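Residue numbers start from 1 in every chain, and the chains themselves are labelled A, B, ... in the order their sequence lines are given, proteins ahead of strands. Note that the coordinates shown come from a computational prediction; the quantities given were computed from them, not determined experimentally.
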Amino acid sequence: MFREFRVLSIPVNIVTFTTAIHSCCHLNTLDYAFSLLAGIIKSGWVPDVFTYNTLIKGLLSQDRPLEAEHLFRKLIRFREIQPDVVMHSTIIDGLCKTSNTSMALKLLRKMEGIGCKPDVITYNTIIDSLCKERRVDHALDLVSEMTHKGISPDVITYNCLLQGLCSSGRWEDVERLFSEMSVRKIYSILHTYNILVDAHCKEGRTKDAQDVIEIMIQKGVPPNSITYNTLMDGFCLTGKMDRALEVLNTMRSNGIAPDCYSFNILINGYCKRQEVDKAINLLRQMPVEGIKADVQTYNTIIHGLFQMGRHNDVRSLLHEMLKKGNKPNIVTCRILLDGLCKNRYMDEAISFFRMMECKGIFSKFELAHHI
DNA sequence: ATAGGGTTAG
């Protein structure tokens with residue numbers, strides 16, 4: 001069915017509407033996206049699999065996985081559309097991101113059962129989830145399975161596996177997989193190198209991390225802010241704050257501007273060493289460099305202050321945070337609760353907890369994901 | 001023409 005519609009005498013169709021819905025989802029105005037959908041239907045248009053998938057993805061990115069799943073089921077039950085590989089993959093991703101990998105695997109089998117062939121993205125989504133759960137061998141089984149089906153693993157597949165093997169400390173397998181990539185002509189990209197830099201840093205091997213950075217430069221893959229931030233964190237972890245600060249200068253001289261993340265890492269480094277005043281100095285340096293502190297920045301310092309028993313400073317920093325328009329999140333609440341309890345302010349802790357309950361800060365989804 | 005996947009701190 002084709003009907004032409006005009007808005008301000010510009011012809012529009014279902015593609016235009018889907019694009020508009022996509023924008024709404026991206027702008028976090030999901031309600032508006034759904035009212036657009038209602039409007040489309042009311043005007044006699046037929047939303048297609050693109051339209052619905054955009055909405056499902058929107059619900060997922062707004063941490064509303066149950067509604068996404070509900071919509072998916074409803075579409076099937078009422079035969080509104082025939083879910084394709086993309087929609088299945090979107091739902092599979094939603095399941096994976098809410099720690100339902102086994103259900104994701106079931107859906108993979110189910111889609112195959114109805115003749116909807118999974119592709120490399122479908123597999124990568126599950127492989128990544130398995131790797132994050134440290135079930136790397138299961139992930140490797142899926143890689144053989146996809147290969148047998150003629151679906152070639154790509155650089156993202158390898159990145160997921162490398163990440164999983166690194167987290168499990170399986171360095172020999174990392175080496176093997178890394179050379180396998182060259183053999184199969186799958187070229188490492190920035191992402192790949194960043195995973196390796198991070199793995200070395202997490203193990204305290206900052207020298208090896210620096211070697212990886214040298215290699216990537218040689219291979220024509222210049223490091224980005226994530227690479228340098230990761231290295232900075234590595235130096236912080238090994239207590240080398242001066243080296244971490246040097247990285248900040250290296251970034252600048254390589255034309256990469258430090259970001260909020262860079263400062264948060266250094267601030268965290270100082271707080272861990274109970275040098276909260278140095279952390280606060282950095283907080284003051286941020287606006288000078290045109291960087292706005294975020295919730296994370298404040299959370300870290302508040303946590304540090306509590307650990308030193310400086311609850312009066314916590315109070316003023318909390319006020320500053322609110323005044324500057326930073327909305328406390330579930331982590332802030334947890335830090336405050338924990339800090340109040342540990343500093344024997346039980347009455348305050350309890351009344352704060354009640355307030356959080358009232359304000360609904362403990363939404364079901366957040367609870368499931370952060371506690 | 002429009003939709004889906006991987007990296008850094010707490």
Side-chain angles (χ1 to χ4, degrees), chain A residues 12-23 25-26 47-58 60-61 68 81 83-94 96-97 104 118-129 131-132 139 153-164 166-167 188-199 201-202 209 223-234 236-237 244 247 259-272 279 294-304 307 329-332 334-335 338 370:
Chain A
V12 295
N13 57 21
I14 192 67
V15 177
T16 327
F17 279 121
T18 301
T19 308
I21 288 176
H22 188 262
S23 305
C25 292
H26 213 73
D48 59 13
V49 67
F50 288 84
T51 320
Y52 284 116
N53 193 59
T54 306
L55 287 162
I56 288 175
K57 176 71 190 154
L60 289 173
S61 53
I81 43 100
D84 61 1
V85 56
V86 177
M87 189 174 277
H88 278 101
S89 305
T90 308
I91 292 290
I92 284 175
D93 187 43
C96 287
K97 301 268 153 66
D119 61 13
V120 64
I121 296 182
T122 324
Y123 274 103
N124 283 351
T125 305
I126 303 180
I127 286 168
D128 178 52
S129 194
C131 287
K132 293 212 163 76
D154 62 8
V155 67
I156 295 184
T157 320
Y158 278 94
N159 285 349
C160 298
L161 294 169
L162 285 172
Q163 174 80 46
C166 285
S167 323
S188 302
I189 53 176
L190 185 56
H191 227 103
T192 322
Y193 290 109
N194 284 347
I195 290 167
L196 297 177
V197 169
D198 181 52
C201 286
K202 287 247 166 36
N224 66 354
S225 62
I226 295 182
T227 323
Y228 288 116
N229 287 347
T230 307
L231 181 63
M232 264 197 316
D233 191 46
C236 289
L237 284 173
V247 178
D259 52 18
C260 183
Y261 222 112
S262 322
F263 277 89
N264 287 351
I265 288 166
L266 291 167
I267 285 172
N268 183 46
Y270 279 127
C271 287
K272 278 264 167 64
D294 66 2
V295 192
Q296 176 85 32
T297 322
Y298 285 103
N299 282 352
T300 310
I301 303 179
I302 289 172
H303 183 246
Q307 294 223 303
N329 60 13
I330 192 80
V331 180
T332 323
R334 222 169 50 177
I335 290 169
D338 186 59
H370 295 102

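- A donor and an acceptor atom never sit less than 3.5 Å apart when one is taken from the side chain of Asn264(A) and the other from the base of dG10(B).
- Among the protein residues, Thr122(A) comes within range of the nucleic acid bases, having at least one heavy atom under 4.0 Å from a base atom.
- The nearest whole Å value for the distance from the CD1 atom in Ile14(A) to the C1' atom in dA3(B) is 12 Å.
- Judged purely by distance below 3.5 Å, without hydrogens or angles, the side chains of Asp93(A) and Thr90(A) never pair a donor atom with an acceptor atom.
- For Lys272(A) and dA9(B), the shortest distance from a side-chain N or O to OP1 or OP2 is not below 4.0 Å.
- One can place CG of Leu55(A) at 13 Å from P of dA3(B), the figure rounded to the nearest angstrom.
- Contact annotation for Ile189(A): base contact, defined as any heavy-atom pair under 4.0 Å involving a base atom.
- In this structure the side chain of Ile226(A) never reaches within 4.5 angstrom of the side chain of Val197(A), judged on heavy atoms.
- In terms of phosphate contacts, Lys57(A) brings no side-chain nitrogen or oxygen within less than 4.0 Å of OP1 or OP2 of dT2(B).
- In the interface, the side chain of Asp48(A) is not paired with the base of dA3(B) through any donor and acceptor atom under 3.5 Å apart.
- With sequence neighbours left out, Lys272(A) forms a salt bridge (Lys or Arg N to Asp or Glu O under 4.0 Å) with no residue at all.
- The interatomic distance linking Ile195(A) (CD1) with dT7(B) (P) rounds to 7 Å, in whole Å.
- Side-chain N/O atoms of Lys132(A) include one lying less than 4.0 angstrom from OP1 or OP2 on dT7(B).
- Residue contacts shown for Ile226(A) include a base, since a base heavy atom lies under 4.0 Å away.
- Formation of a donor-acceptor pair under 3.5 Å by the Asn264(A) side chain with backbone atoms of Ile267(A) is not found in this model.
- Taking 3.5 Å as the limit, the base of dG4(B) and the side chain of Ser89(A) contain a donor-acceptor pair of atoms between them.
- At dG10(B), one or more side-chain N or O atoms of Asn268(A) fall inside 4.0 Å of OP1 or OP2 (strictly under the cut-off).
- Tyr228(A) places its OH atom 15 Å from the C1' atom of dT8(B), with the value rounded to the nearest Å.
- Remark: P of dA3(B) and CD1 of Ile91(A) are 17 Å apart, rounded to the nearest angstrom.
- Summarising the geometry, the separation between OH on Tyr52(A) and C1' on dT2(B) is reported as 15 Å, rounded to the nearest angstrom.
- For the pair Asp198(A) CG and dT7(B) C1', the computed distance is 7 Å after rounding to whole Å.
- Within 4.0 Å (heavy atoms only), Asp128(A) reaches sugar-phosphate atoms of the nucleic acid but no base atom.
- For the 3.5 Å distance criterion, the side chains of Ser262(A) and Asp259(A) qualify, holding a donor opposite an acceptor.
- Between the P atom of dA3(B) and the CG atom of Asn13(A) lies a distance of 14 Å, rounded to the nearest Å.
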